[in-house]
Amino acid sequence: MAGTGVFAELVDGDGVFKYYSSGEWKKSSSGKSVPIINPSTRQPHFKVQACTQEEVNKLIEEAKTAQKSWAKTPLWKRAELLHKAAALLKEHKVPIAECLVKEIAKPAKDAATEAVRSGDLVSYCAEEGVRVLGEGKFMVSDSFPGNERTKYCLTAKIPLGVILAIPPFNYPVNLAVSKIAPALIAGNSIVLKPPTQGAVAALHMVHCFHLAGFPKGLISCVTGRGSEIGDFLTMHPMVNCISFTGGDTGIAISKKAGMIPLQMELGGKDACIILDDADLDLAAANIVKGGFSYSGQRCTAVKVVLVMESVANALVEKVKAKVAKLTVGLPEDDSDITPVVTESSANFIEGLVVDAKQKGATFCQEYRREGNLIWPLLLDNVRPDMRIAWEEPFGPVLPVIRITSVEEGIHHCNASNFGLQGCVFTRDISKAILISDAMETGTVQINSAPARGPIIFLSRVSRIVALDLKESPTVSI
């Protein structure tokens with residue numbers, strides 16, 4: 001159970017979850033708390049501390065001091081502690097999953113999977129860190145024009161310092177550790193500001209790092225209202241790097257943060273291009289999986305289907321048949337479609353649906369909503385003048401745009417404000433590679449829906465083309 005057993009010290013006498021600083025769980029001097037609303041009931045379920053700027057300042061100062069010692073800690077020792085934390089995350093997947101179910105309405109099975117995947121990711125980062133950071137480079141001066149071979153240079157990677165990590169609500173544990181683990185193995189300290197929805201799951205995750213035995217002050221987790229501590233965190237002079245995953249807030253952060261490194265992922269409108277030679281059964285299965293899992297609340301979800309007119313009718317019918325089989329209900333029941341995270345999110349999604357209806361989109365299902373719960377909806381014959389063609393719903397609503405040429409599909413993909421991922425379905429690998437090269441996205445999946453994984457982290461610095469050999473249809477080479 002959340003906040004019980006080894007996690008009991010996370011909760012104060014009033015049932016409010018504490019924040020983490022100096023290797024201890026503490027109550028805020030503000031005496032205030034922030035409620036966390038259960039998306040299913042739309043009622044407060046948990047409460048977290050509303051920390052003050054003074055408390056934030058203290059833990060950042062401690063993070064700066066702890067980082068200096070941590071940077072001198074042997075690489076193998078850093079990895080050893082990360083492996084311990086990974087094992088603890090897996091061991092305590094049940095209470096972490098319970099938090100995810102209550103805070104963000106994540107289906108129970110997926111919630112448990114997130115905890116396990118997070119443990120796997122921490123171990124992966126530990127192993128890769130030892131390999132990558134254990135190497136240096138030897139350079140000589142005659143590699144630059146005009147120089148003789150008279151100078152030698154040794155290079156090595158050094159930590160940045162204090163990393164401010166801000167994950168999103170939809171993966172408050174997995175996307176938190178994707179920031180925490182690489183930073184720690186590289187010798188940095190971490191100040192985590194979890195999302196309000198998902199904060200308690202993040203606190204449970206941090207406790208696993210605490211139990212693993214990391215030095216005091218190296219990891220901190222601060223909760224509170226963004227209006228009170230948000231700017232104070234992002235503009236703090238002792239923060240050396242900000243890693244943020246979320247929406248438009250990232251733009252404001254980038255303007256205020258000053259000249260420090262930023263790692264940001266601010267959403268997606270991942271396009272799925274279906275050619276006329278595609279395996280339509282494979283495409284339909286991946287569209288439903290990619291577009292509707294966790295109610296579409298994923299940055300890497302399929303957000304728009306661009307299908308050749310010649311196969312559009314057949315594809316839409318196959319997708320409709322699969323959508324009809326999706327279960328809708330509570331996360332505790334492990335339903336496929338669960339309530340979206342907030343009422344404001346549901347209202348935004350409904351606004352996109354209303355706009356599409358007014359402009360003539362074809363509704364493949366009746367639009368239905370109860371509170372935060374929105375039934376899955378496929379919209380056919382969507383046109384570029386509709387908001388849903390461009391805006392990210394972050395919900396179980398998927399538009400289909402019919403195209404008459406591959407060039408039309410590529411143009412729509414590249415005209416988007418987003419460039420996270422995309423996918424192409426075709427039996428012709430040559431076409432797939434050429435289209436992938438033309439799509440202005442960080443990652444292109446061939447014959448598979450967009451997805452997260454180790455290769456996705458590389459897409460922040462390079463183009464990734466991923467061919468799913470296990471699920472791909474026969475291709476011509």
Side-chain angles (χ1 to χ4, degrees), residues 2 35-46 97-114 168-173 195-201 246-247 267-268 287-305 319-358 361-380 382 387-388 391-400:
I36 295 175
I37 308 300
N38 185 323
S40 300
T41 64
R42 293 188 290 170
Q43 298 296 319
H45 196 94
F46 296 125
E98 180 194 343
C99 297
L100 293 171
V101 168
K102 301 301 183 184
E103 290 186 279
I104 60 172
K106 181 159 288 190
K109 183 179 179 180
D110 293 342
T113 299
E114 178 171 346
F169 81 85
N170 56 341
Y171 290 90
V173 175
T196 298
Q197 300 291 141
V200 175
I287 286 170
V288 173
K289 174 186 175 183
F292 294 102
S293 61
Y294 187 37
S295 305
Q297 296 177 111
R298 300 181 299 113
C299 296
T300 56
V302 172
K303 302 285 175 55
V304 58
V305 177
V319 173
K320 282 173 59 177
K322 292 183 178 297
V323 169
K325 296 179 181 179
L326 295 175
T327 58
V328 181
L330 296 176
E332 291 86 350
D333 298 330
D334 213 23
S335 303
D336 296 317
I337 305 296
T338 57
V340 297
V341 68
T342 62
E343 185 175 355
S344 61
S345 296
N347 291 340
F348 175 78
I349 296 166
E350 185 166 297
L352 297 179
V353 172
V354 171
D355 176 79
K357 184 173 184 179
Q358 292 174 344
T362 300
F363 281 52
C364 297
Q365 298 83 20
E366 179 184 359
Y367 174 67
R368 183 179 173 188
R369 172 187 173 186
E370 293 180 7
N372 291 2
L373 184 61
I374 296 176
W375 270 249
L377 177 62
L378 185 70
L379 298 174
D380 193 9
V382 169
R387 290 174 56 197
I388 192 69
E391 297 182 41
E392 182 183 24
F394 231 64
V397 179
L398 183 62
V400 176

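- Donor-acceptor pairing under 3.5 Å is recorded for the side chains of S345 and T342.
- A donor-acceptor pair under 3.5 Å links the side-chain atoms of S295 to the main chain of T338, judged by distance alone.
- Taking each heavy atom of V200 and C99 in turn, the nearest pair found is CG1-SG, 3.7 Å.
- Contact of the F169 side chain with the E103 side chain is not registered, since no non-hydrogen atoms from C-beta on lie closer than 4.5 Å.
- Proximity of R369 to I374: side-chain heavy atoms (C-beta onward) are separated by under 4.5 Å at one or more points.
- The heavy-atom pair separating I349 from G395 by the smallest distance is CD1-CA, 3.6 Å.
- Side-chain contact check for P172 versus E114: some heavy-atom pair is nearer than 4.5 Å.
- Atom CG of residue N38 and atom CD of residue Q197 lie 8.5 Å apart, to the nearest 0.5 angstrom.
- F363 has its side chain within reach of L377: a pair of non-hydrogen atoms, C-beta onward, lies under 4.5 Å apart.
- Pairing each heavy atom of K102 with each of E332, the nearest pair is NZ-OE2, 2.7 Å.
- Each of P396, P376, C364 was compared with V323 under the side chain to side chain contact (heavy atoms under 4.5 Å, CB included) criterion, and only P376 meets it.
- For the pair Q297 (side chain) and V341 (backbone), a donor-acceptor distance under 3.5 Å is present.
- Considering all non-hydrogen atoms of both residues, L379 and A356 come closest at CD1-CB, 3.9 Å.
- Side-chain atoms of I36 and H45, non-hydrogen and from C-beta on, never get closer than 4.5 Å to each other.
- Expressed to the nearest 0.5 Å, how far NZ of K303 lies from CD1 of I388 amounts to 10.0 Å.
- At least one side-chain heavy atom of V302 sits under 4.5 Å from a side-chain heavy atom of L398.
- Interatomic distance, CG of N170 versus CZ of R298, reported as 9.0 Å (0.5 Å rounding).
- Closest approach of K325 and A321 over heavy atoms only: CG-O, 3.6 Å.
- Taken to the nearest 0.5 Å, the CZ atom of R42 stands 10.0 Å off from the CG atom of L373.
- Side-chain contact between F394 and V340: absent, with no pair of heavy atoms (C-beta onward) separated by less than 4.5 Å.
- No donor-acceptor pair under 3.5 Å is formed between the side chain of R387 and the backbone N or O of V354.
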Would you sort out whether F292 and I337 count as a side chain to side chain contact (heavy atoms under 4.5 Å, CB included), showing the intermediate values?
-> CA-CA 7 Å; F292 294 102; I337 305 296; 4.1 Å; yes

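- In this structure, CG in D380 is found 5.5 Å from OG1 in T362, a value given to the nearest 0.5 Å.
- Here the closest non-hydrogen pair linking A2 and E98 is N-OE1, 2.9 Å.
- In this structure, K106 satisfies the cation-pi test against Y171, with its NZ or CZ atom closer than 6.0 Å to the six-membered ring centre and inside 45 degrees of the ring normal.
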Determine, stepwise, if the pair I104 / Y294 fulfils side chain to side chain contact (heavy atoms under 4.5 Å, CB included).
-> CA-CA 10 Å; I104 60 172; Y294 187 37; 3.3 Å; yes

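- When atom types are taken as modelled, the side chain of D334 and the backbone of K109 share a donor-acceptor pair closer than 3.5 angstrom.
- Atoms OH and CD, on Y367 and E350 in that order, are 3.5 Å from each other to the nearest 0.5 Å.
- In this structure the side chain of P339 reaches within 4.5 angstrom of the side chain of S40, judged on heavy atoms.
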